[in-house]
Trainee: 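Provided herewith is a single structure, encoded as structure tokens, for subsequent inquiry.
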Amino acid sequence: MNGSFLLEAIIYLSAGVVFVSLAKKLGLSSVLGYVIGGMMIGPYVLGWIGTEGEDIMHFAEFGVVMMLFLIGLEIEPEQFWKMRKSIVGLGGMQYSLTTLLFMLPGIFIMGWSWQMSLAVSLALSMSSTAIVLQTLKEKGLSQTTAGQASFSVLLFQDIMVIPILALLPLLVSQGEIHLEREHPQAIIKDLPGWLQTLLVLGAVGLVFISGRFLVVPGLRIISKTRIRELFTASALLLVVAVAYLMEMVGLSPALGAFLAGVVLATSEFRHELESDLQPFKGLLLGLFFIGVGASINFRLIGREPLTIAGVVAAIVFVKACVLFAAGRLFRLKSDQNLSFTFNLSQVGEFAFVILAFSLQLNLVERTWNDILMAATAITMTLTPVWIAINEKYIDPYFGTKETVESYTPDTIHEKHPVIIAGFGHFGSTIGRFLRANGVEATILDFDSDRVDLLRKMGFKVYYGDATRLDLLEAAGAAHAKILIAAIDSPDANAILIHNARKHFPHLHIMARARNRFDAYDFLDEGVTHIYRETLYTSVHLAADALRHLGFRAYTVKRMAQNFIKYDEEALMKLKSERNNMQQYIFSAKKQIEMQEKLLHEDLLQHLTSSDHCWDSGFVREKTKQL
């Protein structure tokens, strides 16, 4: 469909809104929603966008550019040094071994030249930074052992793109280079391979030098204007300029953005750049996932279904075997290793870049390039599916078998009155406070590495998924009085609460909620004691701020207690209106106005009351000012 930019923008955004909403309703990842939306509006189904998919990926790649820039900002040299073992060791082992296992069949079974086999293997060994990091973030798994291992491997792969794109021109002699498609921006397309390599390395060096000596001083000047919009525009200009420079020398724009982020990671503008660009990253990354779905060539799949299915199966099998073996060698627990393996078994977005560049250099045949492009997109599309399958059907059973002797729920002998499910930062604080006051609790956690650590710290923690009925029974739920649902994941907490309410109705449930909307869901389950993470900490901080401004402690404490009381009353009143957002916003606004009025009246009433507390005089002073 040919149309204006605005029409295409409407189609892209509508596909994201509709299909991501459906995916979340079905309990699936938002990534899968974006990809399915891209399939539907792409050139091979409805044909509303694009012609052959390449223009879509070119546009959508800017989402990955933004994401890689922000990842680079998070990598401080000190942090990188601390992670060197997992980055170089785990990442290097996975990438080199996977490349070798892909290259040998290419030479001896497929009959490819060693140059083509190497180029293809280097591309297929990549995993998707965009999909994996987004999925880990959504599921709250970024800080788990599997999440950290996945990040290390992805970081190594992202860094490897630099030498790979510099290496590819050297695989072809000058007379054999033949560009399959024109790249008008690339200034190196007609140059000898050795000169291309020098220009690539020079561009990388230019990014590092200019970032240190030009960009940072420039940002200092701009920051003095104190105009937020100007700083945001400067951040976008920086990303776009670096991306364009990389494109000029035939490199991936995303790679250049990553390098620029690394250079600026130690500057004082790191956090400001992150906050300014974060909204753009989320939206553009969604467009990238739509582009992945739209680029799947269903005509080619229809012509070569067995070939593509075989290629996809072989890729996933080889990568999964290497990842699982690498995880074993680096002593990941069984459940974490399974998660690590399923996270990274796809081919990543940089494979599109490497394969396209290899095609330009005539390293890869056109037919095989199309097949591998389709296989790459399919593996990326299937990633959220097999991660969900692992979580629901494989990990709860297979993933815990090897740790049964150490962590079996059947060996729980204690029958304490309190059960704590989830012993991260939130749950461990609760457990410490109860234990300090002589109350013992049965503690359950699903992160085996955290269980090991907590046991070494003196806590008796049991490994297992608290959402499983058999584990709750083994923990003594039938005789306990209180269940504290403190799991990091809101979805897991919701499942736990539902199961506990259904099978152990006598249990008094006290639930952790991240925000108001989580609290609404728990209220629907009949839970009345809900503790929102942000509410109490925020009120405590605000109370401290008032004390620092001169308010007396007694007054502040009373005001904080009243604020929480009014807010919890408002929570109950707004619960029934949350599904009608327009009415919800109207009612919420009224509730906020009412709360502020009540708090103000509390102060005025205190002036005329017979309350002779030690700071009542202070209240009179403040009330006069009001």
Side-chain angles (χ1 to χ4, degrees), residues 43-44 50-58 61 95 98-126 160-161 163-183 186 188-193 196-197 250-252 292 294-319 346-381:
Y44 304 106
T51 53
E52 296 297 329
E54 292 181 4
D55 54 338
I56 301 169
M57 291 307 299
H58 181 73
E61 188 187 21
Y95 195 74
T98 306
T99 300
L100 180 63
L101 291 179
F102 280 140
M103 185 176 177
L104 293 178
I107 297 174
F108 298 107
I109 298 178
M110 305 303 299
W112 297 341
S113 66
W114 71 268
Q115 292 94 334
M116 177 176 174
S117 296
L118 179 58
V120 168
S121 300
L122 292 171
L124 298 183
S125 297
M126 292 283 172
M160 280 300 297
V161 176
I164 288 171
L165 293 178
L167 170 68
L168 290 178
L170 298 180
L171 299 180
V172 188
S173 62
Q174 182 179 354
E176 294 176 331
I177 294 180
H178 171 68
L179 295 176
E180 287 281 338
R181 57 177 180 161
E182 289 298 318
H183 217 322
I188 67 170
K189 61 180 182 178
D190 297 320
L191 299 177
Q196 290 186 26
T197 300
L251 283 178
S252 165
V292 170
S295 68
I296 297 178
N297 190 332
F298 288 101
R299 297 193 201 113
L300 178 62
I301 294 172
R303 291 196 304 267
E304 303 281 350
L306 296 179
T307 301
I308 293 177
V311 170
V312 169
I315 289 172
V316 173
F317 177 76
V318 171
K319 296 195 77 170
Q346 77 291 115
V347 185
E349 54 275 355
F350 278 129
F352 291 117
V353 178
I354 296 173
L355 288 172
F357 192 36
S358 299
L359 180 65
Q360 293 175 45
L361 297 172
N362 203 27
L363 282 171
V364 179
E365 300 169 5
R366 165 66 71 175
T367 302
W368 274 108
N369 183 80
D370 292 343
I371 290 173
L372 294 171
M373 286 280 199
T376 296
I378 290 172
T379 62
M380 294 173 72
T381 304

Trainee: Atom OG1 of T307 and atom CH2 of W368: how far apart are they, to the nearest 0.5 Å?
Mentor: 6.5 Å

Trainee: Please step through side-chain contact (heavy atoms from CB on, under 4.5 Å) for the pair W112 and V120, ending with a clear verdict.
Mentor: CA-CA 10 Å; W112 297 341; V120 168; 4.0 Å; yes

Trainee: Would you indicate whether the side-chain heavy atoms of L122 and Y95 approach each other to under 4.5 Å?
Mentor: yes

Trainee: Rounded to the nearest 0.5 Å, what's the gap from CG on D370 to CZ on R303? Could you check?
Mentor: 8.5 Å

Trainee: Can you tell me how far the CD atom of E304 sits from the CD1 atom of I371, to the nearest 0.5 Å?
Mentor: 5.0 Å

Trainee: Is it the case that the side chain of K319 and the backbone of Q346 share a donor-acceptor pair, with hydrogens and angles ignored and the cut-off at 3.5 Å?
Mentor: yes

Trainee: Once rounded to the nearest 0.5 Å, what's the spacing between atom CE of M103 and atom CG of L118?
Mentor: 4.5 Å

Trainee: When you compare the side chain of I315 with that of F102, does any pair of heavy atoms fall below 4.5 Å?
Mentor: yes

Trainee: Between L355 and M373, which heavy-atom pair has the shortest distance, and what is it?
Mentor: CB-CE, 4.1 Å

Trainee: What's the separation between atom CG in L372 and atom CG in L124, rounded to the nearest 0.5 Å?
Mentor: 5.5 Å

Trainee: Is T376 reaching over with its side chain to a backbone N or O of V347, donor-acceptor style, under 3.5 angstrom?
Mentor: no

Trainee: Are T99 and M160 packed together at the side-chain level, in the sense that at least one heavy-atom pair is separated by less than 4.5 angstrom?
Mentor: no

Trainee: Specify the closest pair of heavy atoms between M116 and L363, including all atoms of both residues, with the distance to one decimal.
Mentor: CB-O, 3.2 Å

Trainee: Quick check: closest heavy atoms across A123 and A351, and the distance to 0.1 Å?
Mentor: O-CB, 3.4 Å

Trainee: What distance separates L104 CG from M110 CE, expressed to the nearest 0.5 Å?
Mentor: 14.0 Å

Trainee: Yes or no on side-chain contact (heavy atoms from CB on, under 4.5 Å) for I378 and I301, after CA distance, side-chain angles and deciding distance?
Mentor: CA-CA 10 Å; I378 290 172; I301 294 172; 3.7 Å; yes

